[in-house]
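Values below: all heavy atoms of this structure, side chains included; hydrogens, waters and symmetry mates excluded. The structure displayed is predicted, hence computed values, not measured ones. In what follows, chains are A, B, ... by sequence order, proteins preceding strands, each numbered from 1.
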2 protein chains.
Amino acid sequence: MENKENILKVALDLFSAKGYDGVGIQEIVEKAGITKPTLYHYFGSKRGLLESLIEQYFSRFYDVVKTAAIYTGDLPLTMTNITRAIFVFVSENRDFYRMYLSMCFSSPDSEPYAAIHKYNIDLYLVLEDLFRKASKDHGNMRNRQKRYAFTFLGMINNYVTLYLGNFIELNDEAIFLAVHQFSHGIYS
Amino acid sequence: MENKENILKVALDLFSAKGYDGVGIQEIVEKAGITKPTLYHYFGSKRGLLESLIEQYFSRFYDVVKTAAIYTGDLPLTMTNITRAIFVFVSENRDFYRMYLSMCFSSPDSEPYAAIHKYNIDLYLVLEDLFRKASKDHGNMRNRQKRYAFTFLGMINNYVTLYLGNFIELNDEAIFLAVHQFSHGIYS
DNA sequence: AAGTTAGTATACCGATCGGTATATTACTAA
DNA sequence: TTAGTAATATACCGATCGGTATACTAACTT
């Protein structure tokens with residue numbers, strides 16, 4: 001099983017640096033010190049390798065967000081918790097999150113976009129659900145859950161992108177800014 | 001010259017839909033109804049074709065932003081003008097902006113990222129310059145021009161992405177939200 | 001001990017990749 | 001009229017693409 005994990009590690013490395021389409025199977029197996037049939041034994045195809053990568057990391061990311069998104073009646077607090085949880089996850093999984101962001105923004109007919117899309121839907125459902133519940137306490141939010149979920153994550157990803165470019169740190173100030181900027185957009 | 005423009009049109013179509021790496025030269029020339037040597041006569045290489053595409057559209061985008069970013073002492077007004085100008089440009093160049101966004105978020109060692117990077121630097125300089133000038137009137141903004149330029153454009157692109165997914169329209173409400181959300185992040 | 005299975009390598013597949021050598025046509029400049 | 005140039009096509013290049021047929025080995029199962 002050591003080979004399998006090594007392939008995943010090398011693939012994440014290369015995909016995040018050069019993009020899915022920019023990396024060949026040959027390059028992956030060479031860097032992993034194995035041969036093609038070994039890779040195909042574990043993952044079946046290049047697409048299968050990508051899906052395994054996503055499954056491995058995104059399931060944890062999803063759990064992290066879902067756990068932080070439990071609504072207890074205090075929406076700003078919940079949003080702060082989500083933002084902090086995502087920032088921690090990003091800090092611990094820089095390469096994956098870089099690849100994830102590039103996949104989210106990749107072309108709609110490309111393999112990477114198709115691979116990440118269904119996972120994203122689940123993620124957005126968690127946030128939409130949060131805003132739906134909160135809308136019972138904030139009447140002016142109704143029927144805007146989808147837009148809120150999207151712009152909230154977008155705000156977070158703005159700061160994450162700055163972090164990935166080494167322009168800022170993901171500290172409490174960044175959490176505060178992301179949450180309050182977004183809040184201003186919903187409450188007014 | 002009709003062929004050259006047709007190649008650019010077809011290439012933008014395919015690149016924006018399937019990504020630069022996901023489109024072959026053969027596919028472009030077939031869809032354009034020509035052959036390879038014609039394409040290579042005009043653009044020299046696949047990369048050259050991409051650069052021509054960027055040059056053609058980005059120079060107009062840059063002008064649009066630069067014109068709107070002239071600072072007259074009223075920062076909220078200037079930001080509103082920039083946001084409106086970008087929204088208009090996006091409405092008129094959906095495919096290009098889709099491709100542009102995907103290039104901005106593509107992997108750092110990929111060709112698309114390298115191709116768009118130097119243009120982005122110029123664009124950000126325009127915004128940094130605006131915030132630098134405005135900081136004389138708002139003391140607490142000093143030395144944060146880079147972060148402001150980035151998060152301001154990020155905010156705009158959040159709404160643009162919602163628009164490209166047909167979730168919202170780029171109307172005055174969207175302009176108001178983008179500007180005021182961002183302002184709340186700077187002034188507080 | 002015999003059969004089965006997982007894991008791995010060598011060597012190969014057809015298809016497609018970006019790119020080009022050569023030739024031809026059509027127009028332009030002298 | 002002639003020389004040169006821009007624009008195009010046919011046919012091809014070596015390299016790389018994702019993927020596999022075959023065989024071997026080692027371990028586990030019965």
Separation of [N] [atom2] from [X] [atom1] (nearest whole Å):
| X | N | atom1 | atom2 | value |
| --- | --- | --- | --- | --- |
| Leu39(A) | dC17(D) | CG | C1' | 14 Å |
| Lys18(B) | dC17(C) | NZ | C1' | 14 Å |
| Glu30(A) | dT16(D) | CD | C1' | 11 Å |
| Lys36(A) | dA9(C) | NZ | P | 14 Å |
| Ile25(B) | dA9(D) | CD1 | P | 15 Å |
| Ile28(A) | dG19(D) | CD1 | P | 11 Å |
| Ile7(A) | dG7(C) | CD1 | P | 11 Å |
| Phe43(B) | dT20(C) | CZ | C1' | 18 Å |

### Message
Taking the ring of Tyr62(B) and the ring of Tyr119(B), is the distance between their centroids below 6.0 Å?
### Response
no
### Query
Under the 6.0 Å and 45° cation-pi test, does Lys46(A) pair with Tyr20(A)?
yes
### Query
Within 45° of the ring axis of Phe89(A) and under 6.0 Å from its six-membered ring centre, is that where the NZ or CZ of Arg84(A) lies?
no
Distance test, side-chain N/O of [X] to OP1/OP2 of [N], below 4.0 Å:
| X | N | answer |
| --- | --- | --- |
| Tyr42(B) | dA6(D) | no |
| Asn3(A) | dT8(C) | yes |
| Ser45(A) | dG18(D) | no |
| His41(B) | dT8(D) | no |
| Thr38(A) | dA9(C) | yes |

With the side chain of [X] defined as its heavy atoms from C-beta on, choose the nearest nucleotide among [options].
| X | options | value |
| --- | --- | --- |
| Tyr40(A) | dT20(D), dG7(C), dG18(C) | dT20(D) |
| Gln26(A) | dT20(C), dC17(D), dA7(D) | dC17(D) |
| Ile34(A) | dG19(C), dA9(D), dA9(C) | dA9(C) |

### Query
Got more than 12 heavy atoms from elsewhere within 6.0 Å of CD, Glu169(B)?
no
### Query
What nucleic acid atoms does Val29(B) come within less than 4.0 Å of, heavy atoms only: base, sugar-phosphate, or nothing?
nothing
### Message
If you define the side chain from C-beta out and look only at heavy atoms, does anything of Phe58(B) sit under 4.5 Å from Leu123(B)?
### Response
yes
### Message
Quiz question: going by heavy-atom distance under 3.5 Å, is there a donor-acceptor pair between the base of dG18(D) and the side chain of Lys46(A)?
### Response
no
